[in-house]
Number of protein chains: 2
Amino acid sequence: MEINQLQIKIGERIRVLRESKGITQQNLAAICNFEKANLSRLEAGRTNPTISTLYKISQALEVSISDLLDVESYN
Amino acid sequence: MEINQLQIKIGERIRVLRESKGITQQNLAAICNFEKANLSRLEAGRTNPTISTLYKISQALEVSISDLLDVESYN
DNA sequence: CACCACGTTATCATATATGATAACCGATTA
DNA sequence: TAATCGGTTATCATATATGATAACGTGGTG
């Protein structure tokens with residue numbers, strides 16, 4: 001799998017989890033101390049996030065980091 | 001959990017998985033197209049890796065990225 | 001002793017993630 | 001119409017991950 005595809009899948013996964021909690025990008029961004037624009041960029045898969053970024057999001061969404069990586073290579 | 005602690009745990013986990021495959025840092029680094037010095041830095045938890053870095057390692061170790069994140073927040 | 005093999009640490013350059021701000025779009029609503 | 005809301009995109013600055021190289025330590029082995 002291309003790294004680009006992975007980024008996109010992670011972004012999509014974050015979006016799904018965020019929406020399932022019924023919160024806006026603005027909400028989630030605020031909890032994580034991100035700017036909403038930056039979260040939008042992340043959900044669009046336009047960056048290669050660090051583990052700390054994913055960690056903050058996982059905490060805010062009350063899931064594990066692994067839950068953000070639903071898409072996997074060796075399952 | 002501190003982000004620093006997370007980095008250290010991930011580094012330790014990578015080391016354990018690498019050693020369980022019986023390969024050296026040099027080997028793994030070569031497969032991933034890293035310099036051995038950079039892999040050493042990563043295993044020491046002295047960086048905040050991107051998902052693409054973790055992905056390359058997971059592929060080389062034939063595990064999922066989640067397997068590198070054994071330590072979790074919301075389990 | 002010299003010589004490797006494995007790993008560590010430091011350093012510098014470069015690429016890029018992230019912070020921050022502004023402008024914009026579409027949909028909704030008053 | 002104007003205003004708000006959720007989201008997007010572009011842009012620039014700054015922090016930092018990564019690439020790359022060199023020097024070093026330690027343990028084993030000839």
Side-chain angles (χ1 to χ4, degrees), chain A residues 1-63 65-71 73, chain B residues 1-61 63 65-69 71 73:
Chain A
M1 173 182 276
E2 302 263 342
I3 175 61
N4 228 25
Q5 287 306 306
L6 179 61
Q7 293 176 19
I8 291 171
K9 296 272 191 181
I10 292 172
E12 287 172 349
R13 179 72 178 144
I14 290 171
R15 176 161 300 177
V16 165
L17 290 170
R18 174 178 61 77
E19 291 179 342
S20 78
K21 294 205 78 175
I23 64 182
T24 65
Q25 283 189 350
Q26 183 122 249
N27 291 150
L28 180 57
I31 299 173
C32 297
N33 282 311
F34 296 157
E35 290 298 320
K36 65 171 185 167
N38 298 332
L39 181 56
S40 173
R41 184 169 55 186
L42 189 67
E43 285 189 2
R46 289 178 21 245
T47 61
N48 171 20
T50 64
I51 201 65
S52 79
T53 294
L54 296 180
Y55 180 65
K56 289 176 201 163
I57 291 174
S58 73
Q59 293 276 300
L61 293 175
E62 299 177 283
V63 299
I65 299 177
S66 295
D67 286 334
L68 305 182
L69 307 177
D70 232 10
V71 198
S73 19
Chain B
M1 173 184 276
E2 301 264 341
I3 176 60
N4 228 24
Q5 286 306 305
L6 180 61
Q7 291 177 19
I8 291 173
K9 296 272 190 179
I10 292 172
E12 288 172 348
R13 179 73 178 145
I14 289 171
R15 175 160 300 176
V16 166
L17 291 170
R18 173 177 62 79
E19 292 179 342
S20 77
K21 294 205 79 175
I23 64 181
T24 65
Q25 282 188 351
Q26 184 122 247
N27 291 150
L28 180 56
I31 299 173
C32 297
N33 281 311
F34 296 158
E35 290 300 319
K36 64 171 184 165
N38 298 333
L39 181 57
S40 173
R41 184 169 54 185
L42 188 66
E43 285 189 2
R46 291 185 10 253
T47 62
N48 172 21
T50 64
I51 201 67
S52 79
T53 294
L54 296 180
Y55 179 66
K56 289 177 201 163
I57 291 175
S58 72
Q59 292 276 300
L61 293 176
V63 299
I65 299 177
S66 295
D67 287 333
L68 305 182
L69 306 176
V71 199
S73 19

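Nothing here was measured: the structure is a model prediction, and the numbers come from that model. Each chain gets a letter, A, B and so on, in the order its sequence line appears, and its residues count up from 1.
Side chain of K36(A), nearest nucleotide from dT9(C), dG6(D), dG7(C): dG6(D). Ranking dT18(C), dG7(C), dG19(D) by closeness to the F34(B) side chain, first place goes to dG19(D).
Between dT18(D) and T50(B), a contact under 4.0 Å exists linking OP1 or OP2 to a side-chain N or O. Dashed line: the shortest gap from a side-chain N or O of Q26(A) to OP1 or OP2 of dG7(D) is not under 4.0 Å. Under 4.0 angstrom from either OP1 or OP2 of dA17(D) there lies no side-chain N or O belonging to T53(B). Between S40(B) and dT9(C), a side-chain N or O to OP1/OP2 separation shorter than 4.0 Å is absent. The side chain of R15(A) contributes an N or O atom lying less than 4.0 Å from OP1 or OP2 of dT8(D).
In this entry the distance linking CD of E43(B) with C1' of dG7(C) reads 9 Å, nearest Å. Regarding K56(A), its NZ atom lies at a distance of 10 Å from the C1' atom of dG19(C), rounded to whole Å. Separating the CD1 atom of I51(B) from the C1' atom of dA17(D) is a distance of 14 Å, rounded to the nearest angstrom. Put simply, CD1 on I3(A) is 14 Å from C1' on dT18(D), counting in whole angstrom units. Atoms CG (L39(B)) and P (dT9(C)) sit 13 Å apart, rounded to a whole Å. Between the CD atom of E35(A) and the C1' atom of dA23(C) there is a distance of 15 Å, rounded to whole Å. Between R41(A) atom CZ and dA17(C) atom P the separation is 9 Å, expressed in whole Å. Distance CZ (R46(A)) to C1' (dT18(C)): 13 Å, rounded to an integer number of Å.
Between the side chain of N38(A) and the base of dA20(C) there is at least one donor-acceptor pair of N/O atoms closer than 3.5 Å.
Atom-to-atom distance recorded for R13(A):CZ and L68(A):CG is 7.5 Å, nearest 0.5 angstrom. Put simply, CD1 on I65(B) and OG on S58(B) are 4.5 Å apart, with the number rounded to the nearest 0.5 Å.
Proximity of T24(A) to N27(A): side-chain heavy atoms (C-beta onward) are separated by under 4.5 Å at one or more points.
Each of I23(B) and N48(B) has a nearest nucleotide on DNA chain C; the 5'-most of these lies closest to I23(B).
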Practice problem: Mind running side chain to side chain contact (heavy atoms under 4.5 Å, CB included) on L61(B) and D67(B) for me, showing each step along the way? | Solution: CA-CA 10 Å; L61(B) 293 176; D67(B) 287 333; over 6 Å; no
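Under the side-chain hydrogen bond (donor to acceptor under 3.5 Å, both in side chains) test applied with Q25(A), the options E43(A), E35(A), K36(A) reduce to a single match, E43(A).
Looking at heavy-atom distances under 4.0 Å, A44(A) makes no contact with the nucleic acid at all.
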